[in-house]
Amino acid sequence: MNLHEYQGKELLSKYGVKIQRGKVATTPEEAVELAKKLTEETGTGWHVIKAQVHAGGRGKGGGVKLAKNLDQVKEIANEIIGMQLVTPQTSAEGKKVHQVLVAEDVYYPGDNEPEEYYMSVLLNRATGRNMIMYSTEGGMDIEEVAETMPNKIFTEEIDPAVGLQGFQARRIAFNLGLSGQAFKEMTKFVFSLYNAYVGADASMFEINPVLKTSDDQIMAVDCKVSLDDNSLFRHKDLAELRDKREEDATEVEAGEAGLNFVKLDGNVGCMVNGAGLAMATMDMIKQAGGSPANFLDVGGTADAERVEKAFRIILKDDNVDAILVNIFGGIVRCDRVAQGIIDAYKNMGDAIKVPIIVRLQGTNAVEAKEMIDNSGLKVHSAITLEEAANKVEEVLS
Ligand code: GDP
Ligand code: MN
């Protein structure tokens, strides 16, 4: 699960990370009210207005703008709220903006120019350790830095037995070229950020840019967070921050039905019991020259109700030209699953307009195939996966 920038920053703030003052608004009028209050608190009349969507690169798409007075706050908020924001990280149609963060401008002109750094905390899956990745080249895409100046990216791995050590935080501040007050502030920043990552059971925190203000404060100006879904049961407060508007509607519906579904961009719908089998099925479809439209694991109980729900979810995708059902009958017998498919199909009347290929393997597979073949429905059956995948290609060509 991902958080919005403002939610991530509030979370960071609880762990002692410095953030600029700000709040979210859903209307231009509300944005102006917030900006007025901020000016009273901070004395600064400049504000930054930032689209809150689950995608980076908002600045490039016109979703982050500076307002120098209240009229501009209203104008910019009016422009951003409700827009379809297209950034290098969204699809071509972009994401609808429902709210903006109105925050004090912390890039105030001073004796020294503000500096921008990059910092993220994530799991290095190769070593199984948490890692802090950082760079002096903040504000720009880290992918671009990695490509053009890989020597400017540093990493610090954390030993799980002892946690983040003081010398590591100091090495980070040193490599970022800091000294004096800013050096101390950076070591504090690193510890607070790391504690937030561990405390929230996050799988990633990315702060780009980390800002050094002209008065040597270190703060998080941007914040991207991914939380580990498997840990949400022990973070009820964080689970509540979920914004379903940011997620694929079909994936949300599938999740609520207890189905493990991921939408893809091919044309062969897949319904499978078991995640490993689902991946193998997708591989077979590819090998036979097709392209999977989704990943769908119906789980252990492939009864009529679940199968029907799964069919309905797969069929919401207009790109689907055929559905491959691949069931391995281990604990659930194939004949029961076959009955589920037949019942679901009959129940759905003429909602199913694409060919269905069913492959059943395992306990009572032969009986199950007979049931399908004798059902009178337009369902093709197969025993081997290869046979099934080839049949899909046959009905499509
Ligand atoms: P992103 O484009 O989605 O990564 O959004 P960011 O939060 O990183 O903002 C994009 C850019 O806007 C930053 O790299 C900064 O250069 C700039 N920016 C962000 N906040 C402020 C601010 O308070 N004042 C000024 N002047 N610029 C800002
Ligand atoms: Mn950013």
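Atom set for the values below is all heavy atoms of this structure, side chains included, hydrogens, waters and symmetry mates excluded. Remember, it's 1-based here, ligands and their atoms both numbered in the order they're listed.
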For atom 7 (O) of ligand 1, which protein heavy atom lies nearest, and how many Å away is it? Lys50 NZ, 2.6 Å

Which of the atoms of ligand 1 are close to Val221, meaning less than 4.0 Å from one of its heavy atoms? 19 (C), 20 (N)

Show me which atoms of ligand 1 lie under 4.0 Å from any heavy atom of Val106. 23 (O)

Answer yes if the side chains of Gln84 and Glu93 hold a donor-acceptor pair under 3.5 Å, and no otherwise. no

Between Ser381 and Lys369, a side-chain donor and acceptor under 3.5 Å: yes

Does atom 11 (C) of ligand 1 have a protein non-hydrogen atom under 4.0 Å from it? no

Looking only at protein heavy atoms, identify the closest one to atom 4 (O) of ligand 1 and say how far it is in Å. Asp222 OD2, 3.0 Å

Just to confirm my output: which protein heavy-atom neighbour is closest to atom 17 (C) of ligand 1, and how far is it? Tyr107 OH, 4.4 Å

Can you give me the closest heavy-atom contact between Ala55 and Thr90, atom names plus distance? CB-CG2, 3.6 Å

Ligand 1 versus Asn208: contacting region, heavy-atom distance under 4.0 Å: backbone

Which atom name would you report as the N, O or S atom of Asp222 nearest the Mn ion (ligand 2)? OD2

Identify which of Val64, Leu211, Val53, Ile49 has a heavy atom lying nearest to atom 9 (O) of ligand 1. Val64

Pick one of side chain, backbone, both or neither for how Asp105 approaches ligand 1, counting any non-hydrogen atom pair under 4.0 Å. both

Tyr345 and Val325: same hydrophobic cluster, using ILVMFWY side-chain contacts below 4.5 Å? yes

Less than 4.0 angstrom from a charged side-chain N to a carboxylate O is my criterion; do Glu30 and Lys23 meet it? no

Could you tell me whether some N/O pair between Ala55 and ligand 1 is separated by less than 3.5 angstrom? no

Does any N/O atom on Gly59 come nearer than 3.5 Å to any N/O atom on ligand 1? yes

Using a 4.0 Å cut-off to any heavy atom of Arg58, which atoms of ligand 1 qualify? 1 (P), 2 (O), 3 (O), 5 (O), 6 (P), 7 (O)

Should you measure from each heavy atom of Pro209, which atoms of ligand 1 turn up under 4.0 Å away? 8 (O), 14 (O)

Nearest neighbour of atom 23 (O) of ligand 1 from the list Lys224, Glu206, Gln20, on a heavy-atom basis: Gln20

Under 4.0 angstrom from ligand 1, any heavy atom of Glu116? yes

In this structure, are over 12 heavy atoms from other groups packed under 6.0 Å from Glu41 atom CD? yes

Does this structure show an ion pair linking Glu33 with Lys36, if we count only N-O contacts that are shorter than 4.0 Å? yes

N/O/S atom of Glu206 under 2.8 Å from the Mn ion (ligand 2), yes or no? no

Shortest non-hydrogen contact from Leu264 to Pro292? CB-O, 3.6 Å

Do Asn124 and Arg129 have a side chain donor and acceptor closer than 3.5 Å? no

May I ask you to list the atoms of ligand 1 that are less than 4.0 angstrom from any heavy atom of Leu66? 24 (N), 26 (N)

Can Lys14 and Glu10 be counted as an ion pair, charged N to O under 4.0 angstrom? no

Please determine whether a side-chain nitrogen of the Lys or Arg among Lys65 and Glu79 lies less than 4.0 Å from a carboxylate oxygen of the Asp or Glu. yes

Can Asp141 and Lys60 be counted as an ion pair, charged N to O under 4.0 angstrom? yes

Taking only heavy atoms of Gly57 into account, list the atoms of ligand 1 that are under 4.0 Å away from them. 1 (P), 2 (O), 3 (O), 4 (O)

Can you sort out which atoms of ligand 1 are near Gly56, meaning under 4.0 Å from one of its heavy atoms? 3 (O)

